[in-house]
There are 2 protein chains.
Amino acid sequence: MSVLPAAFALGKGIGCAMQPRSALLCRFLYDLNICSVSVVRMARTAGSHSDITGPRVLDAALRLFAQHGFAAVSMRQIAREVGVQAGALYNYTPDKQTLLFDLMRRHMEDLLEQRQDRLSAADPLSRLEDFARFHIRYHLNRPDEVFIAYMELRNLTEENFATIEELRRRYEAELEEILRDGVAAGLFVANDIRITTMAVIAMLTGVTTWYRPSGRLSGDEVELLYWDMVRKSVSA
Amino acid sequence: MSVLPAAFALGKGIGCAMQPRSALLCRFLYDLNICSVSVVRMARTAGSHSDITGPRVLDAALRLFAQHGFAAVSMRQIAREVGVQAGALYNYTPDKQTLLFDLMRRHMEDLLEQRQDRLSAADPLSRLEDFARFHIRYHLNRPDEVFIAYMELRNLTEENFATIEELRRRYEAELEEILRDGVAAGLFVANDIRITTMAVIAMLTGVTTWYRPSGRLSGDEVELLYWDMVRKSVSA
DNA sequence: GTCTATATGCAGATAGAC
DNA sequence: GTCTATCTGCATATAGAC
């Protein structure tokens with residue numbers, strides 16, 4: 001994993017102050033795990049579009065991977081979507097694998113960061129409600145990222161997979177702790193906390209398989225319906 | 001969809017009495033939607049292995065698709081696994097797409113057939129328990145089929161996708177009806193039966209993401225844990 | 001930073017000998 | 001039915017001009 005703070009890796013921070021003079025250097029930074037493709041910001045030079053092309057590469061990859069699957073999408077397709085030739089993509093990523101990995105890592109780190117901001121010491125029931133509603137809302141708002149994060153795990157290299165899995169484990173750990181506290185307090189009944197954790201996450205994440213913004217129900221209604229079922233499923 | 005009865009399409013029936021003399025004829029039958037690759041049984045001729053190679057092709061494709069994904073697996077890989085050259089595969093399937101479609105259709109039709117055998121007029125609670133336990137058990141026993149059925153939908157052609165979706169819809173319809181009956185009888189509370197249906201299915205199917213036969217819990221224990229959560233999630 | 005051109009390899013599918 | 005050989009095309013990634 002990158003040693004950079006999450007805000008940096010997520011492209012929300014100060015940006016990369018370095019000014020790599022070539023794609024080779026960009027790749028070199030990758031190899032050192034120092035710099036993420038999504039945050040490399042080079043000095044503008046005549047005819048340069050890196051500050052707009054960079055994000056567009058990730059956006060295009062996100063959309064295409066979600067729609068057709070990582071293995072079914074070619075670098076040429078991504079390039080066409082961005083409006084450049086295939087070779088130009090390699091100014092922004094050392095290879096296709098890293099493109100996928102960056103998308104997934106960005107997603108997971110954003111997820112964790114947002115939860116971090118909402119951690120509270122309230123009673124387990126309130127914390128469970130917050131977690132459930134957050135999970136639904138977040139997943140409804142980012143269908144492509146979520147889809148990729150669940151479907152493309154097997155296309156990661158072993159090392160990248162381990163990184164993503166660790167991030168996912170951390171996210172699930174919060175729910176597991178809420179349930180544990182709730183059971184200890186006599187508020188919840190869960191015969192096997194680990195399995196209950198997985199079951200609740202699966203139930204909530206399943207919303208992505210059917211929800212469409214244009215559908216019968218609003219996001220708020222869906223959020224409430226799911227929270228109600230989660231609440232009952234762990235009720236005493 | 002094939003007009004053949006399910007037992008035939010599933011390779012459980014009498015087999016195909018026809019004796020195609022060439023791969024071309026095999027493909028022709030496909031085009032007419034008359035014969036499924038999984039059930040073509042040709043007369044044994046000197047040096048022929050079709051009666052063993054056929055199933056082996058599907059088995060190999062099943063395993064490889066589940067492990068690496070449809071798009072990432074080549075016909076050459078499948079052939080190597082079976083122990084033949086790539087060209088020989090086309091005696092058993094007209095193309096790679098049909099291989100995927102047959103695997104998914106076989107899975108869904110088997111699922112539906114097994115449910116058909118268990119339909120009962122018992123009270124909704126008993127029917128819900130039977131459905132939930134069946135779903136867990138079936139999915140634990142066929143991890144590869146289930147994985148493919150959920151992950152490879154987007155790699156189906158439009159027409160094949162419609163067929164599989166219709167089969168899935170039929171399966172979900174049984175659960176929806178159970179819930180509807182239970183709510184009408186005052187046994188269950190579900191604020192939106194359609195969403196509850198999707199949520200329960202997602203919760204149950206999620207078992208495939210973590211369960212391993214060598215793990216801490218037996219299949220029976222898992223079955224009971226999940227049934228307990230489903231029961232509570234729709235409780236009054 | 002982006003282009004064109006290219007190196008290198010594998011993909012799905014077919015033809016025809018045996 | 002299976003083989004070998006092959007057609008045709010696209011894949012990832014790189015080199016070097018501008």
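Take R133(A) and apply the side chain to side chain donor-acceptor pair (under 3.5 Å) test, not counting sequence neighbours, and it matches E129(A), E223(A). For Q97(B), the side chain to side chain donor-acceptor pair (under 3.5 Å) partners two or more places apart in sequence, or in a different chain, are N160(B). Judged as a salt bridge (charged side-chain N to carboxylate O under 4.0 Å, His left out), and not counting sequence neighbours, D144(A) has no contacts. Considering only residues two or more places apart in sequence or on other chains, R63(A) meets the salt bridge (charged side-chain N to carboxylate O under 4.0 Å, His left out) condition with E81(A).
Look at CG on D95(B): it is 17 Å from P on dA11(C), rounded to the nearest Å. Summarising the geometry, the separation between CG on L99(B) and C1' on dA13(C) is reported as 14 Å, rounded to the nearest angstrom. Counting to the nearest Å, the C1' atom of dG1(D) and the CG atom of L89(B) are 12 Å from each other. The nearest whole Å value for the distance from the CZ atom in R56(A) to the P atom in dG1(C) is 16 Å.
In summary, the side chains of Y138(B) and D110(B) do present a donor paired with an acceptor at a separation below 3.5 Å, with no hydrogens or angles considered.
For the OP1/OP2 pair of dG1(C) and a distance below 4.0 Å, the side-chain nitrogens and oxygens of T53(A) include no atom meeting the criterion.
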Tabulate below the donor-acceptor pairs under 3.5 Å that side-chain atoms of residues 197-213 of chain B make, not counting sequence neighbours, or state none.
{"from": "T197(B)", "atom 1": "OG1", "to": "I193(B)", "atom 2": "O", "distance (Å)": "2.7"}
{"from": "T205(B)", "atom 1": "OG1", "to": "H135(B)", "atom 2": "NE2", "distance (Å)": "2.9"}
{"from": "T205(B)", "atom 1": "OG1", "to": "Y150(B)", "atom 2": "OH", "distance (Å)": "3.3"}
{"from": "T205(B)", "atom 1": "OG1", "to": "I201(B)", "atom 2": "O", "distance (Å)": "2.8"}
{"from": "T208(B)", "atom 1": "OG1", "to": "T205(B)", "atom 2": "O", "distance (Å)": "2.9"}
{"from": "T209(B)", "atom 1": "OG1", "to": "G206(B)", "atom 2": "O", "distance (Å)": "2.7"}
{"from": "W210(B)", "atom 1": "NE1", "to": "Y226(B)", "atom 2": "OH", "distance (Å)": "2.9"}

Interface polar pairs with nucleotides 4-11 of chain D, N/O, under 3.5 angstrom:
{"from": "dA11(D)", "atom 1": "OP1", "to": "S74(A)", "atom 2": "OG", "distance (Å)": "3.1"}

